[in-house]
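As structure tokens, the structure follows; a few thoughts come after it.
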Amino acid sequence: MKFSSPAFFIASFLIQFACSTREEIYTPCLQANITSSNGYTGTAFGYVIVCFDQDTSETSGELMMRVEGLTPNITDGGVHIYSGMGCGSSEEQGGHWWNAATSTDPWFENPAPGTRYEADTYGVGSTQFNFDNGFFLDVTEGKPIVIHESHTLGYGRIACGILEKVQGYIEN
């Protein structure tokens with residue numbers, strides 16, 4: 001199935017997310033529109049949504065990804081929040097975004113268990129996982145999300161998008 005718009009992707013996510021809890025809370029979220037970067041010759045496009053649900057700590061959240069145009073049939077690609085402020089180059093993207101004073105690098109191990117995505121035979125990559133990088137939404141807004149190629153194919157940076165606030169909050 002292809003997501004035809006960010007609204008359809010967000011609506012699908014909201015239905016799944018709303019069913020995962022019975023509490024009445026508002027969850028602040030960020031979204032990145034993903035496109036090819038860093039010289040990737042494929043045409044990657046899709047969305048990553050990061051919601052700060054504070055499920056396990058004050059800075060914990062959930063990341064959901066659906067990106068098309070990736071290398072088909074991989075099981076070890078990575079998706080991480082980065083410290084920079086742009087997607088134009090590795091220098092603009094920076095390194096892994098995490099608070100060394102309060103946590104260890106949740107994106108480490110290229111890719112860390114739980115921060116992987118899989119791509120199907122059509123090159124549609126998807127994942128959903130919990131994370132805690134020690135930062136809140138307010139300082140994560142404007143950061144890049146970087147998609148990595150399969151670890152077995154060199155783990156290069158192949159797609160990127162900037163995290164921006166989703167209009168409103170997700171009500172569970």
Side-chain angles (χ1 to χ4, degrees), residues 6 9-34 37 44 46-67 70 74-87 90 92-119 125-151 155-172:
F9 180 72
I10 291 171
S12 299
F13 171 72
L14 294 177
I15 291 167
Q16 181 178 3
F17 196 78
C19 293
S20 68
T21 182
R22 295 176 192 246
E23 294 179 3
E24 293 289 326
I25 59 171
Y26 289 93
T27 304
C29 297
L30 301 171
Q31 176 182 329
N33 295 319
I34 304 296
S37 66
Y47 312 96
V48 173
I49 295 178
V50 175
C51 293
F52 290 82
D53 57 18
Q54 299 179 335
D55 191 41
T56 59
S57 79
E58 291 183 343
T59 57
S60 68
E62 182 176 22
L63 183 147
M64 276 192 62
M65 172 189 127
R66 185 175 192 295
V67 176
L70 302 175
I74 64 167
T75 59
D76 62 346
V79 55
H80 312 128
I81 300 173
Y82 270 67
S83 63
M85 297 302 285
C87 284
S90 294
E92 288 181 25
Q93 294 162 352
H96 292 168
W97 178 240
W98 59 284
N99 186 343
T102 62
S103 69
T104 58
D105 184 349
W107 319 112
F108 190 63
E109 293 297 324
N110 298 331
T115 66
R116 294 183 177 123
Y117 71 86
E118 294 184 2
S126 61
T127 191
Q128 179 177 350
F129 58 82
N130 296 317
F131 72 94
D132 188 345
N133 67 350
F135 287 118
F136 296 101
L137 173 133
D138 60 337
V139 294
T140 303
E141 181 180 9
K143 298 297 179 192
I145 284 275
V146 174
I147 310 295
H148 288 272
E149 181 65 277
S150 167
H151 190 63
Y155 208 61
R157 300 177 188 195
I158 60 171
C160 185
I162 301 298
L163 288 165
E164 299 173 345
K165 282 186 183 170
V166 174
Q167 290 296 320
Y169 289 84
I170 295 175
E171 181 179 355
N172 293 323

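Values below: every heavy atom of this structure, side chains too, minus hydrogens, waters and symmetry copies.
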If you round to the nearest 0.5 Å, how far is [atom2] of [Y] from [atom1] of [X]?
X	Y	atom1	atom2	result
His80	Cys160	NE2	SG	13.0 Å
Leu70	Glu149	CG	CD	7.5 Å
Leu63	Leu163	CG	CG	8.0 Å
Gln93	Cys87	CD	SG	5.5 Å
Ser37	Arg157	OG	CZ	9.0 Å
Lys143	Met85	NZ	CE	5.0 Å

Exercise: identify the closest heavy-atom pair between [X] and [Y]:
X	Y	result
Ile147	Tyr117	CG2-CE2, 3.6 Å
Asn33	Gln31	OD1-NE2, 3.1 Å
Met65	Val48	CG-CG2, 3.8 Å
Thr115	Pro106	CG2-O, 3.6 Å
Gly77	Tyr155	C-CE1, 4.3 Å
Asp76	Ser150	OD1-OG, 2.5 Å

Quiz prompt | Stepwise side chain to side chain contact (heavy atoms under 4.5 Å, CB included) test for Val50 and Thr140 | solution = CA-CA 10 Å; Val50 175; Thr140 303; 5.5 Å; no

Exercise. Kindly say whether Gly95 contributes a backbone atom to a donor-acceptor pair with the side chain of Ser83 at under 3.5 angstrom?
Key: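 Yes; judged by distance alone, with no hydrogens or angles, the pair exists.
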
Exercise. Would you confirm whether Ser60, through its side chain, and Asp132, through its main-chain N or O, come within 3.5 Å as a donor-acceptor pair?
Key: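 Answer holds: no.
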
Quiz prompt | Leu30 side chain reached by Lys165 side chain, heavy atoms, under 4.5 Å | solution = yes

Quiz item: Given Ile81 and Phe135, is the side chain to side chain contact (heavy atoms under 4.5 Å, CB included) satisfied, shown in steps?
Solution: CA-CA 11 Å; Ile81 300 173; Phe135 287 118; over 6 Å; no

Exercise. Show your reasoning for whether side chain to side chain contact (heavy atoms under 4.5 Å, CB included) applies to Tyr82 and His96.
Key: CA-CA 4 Å; Tyr82 270 67; His96 292 168; 3.5 Å; yes

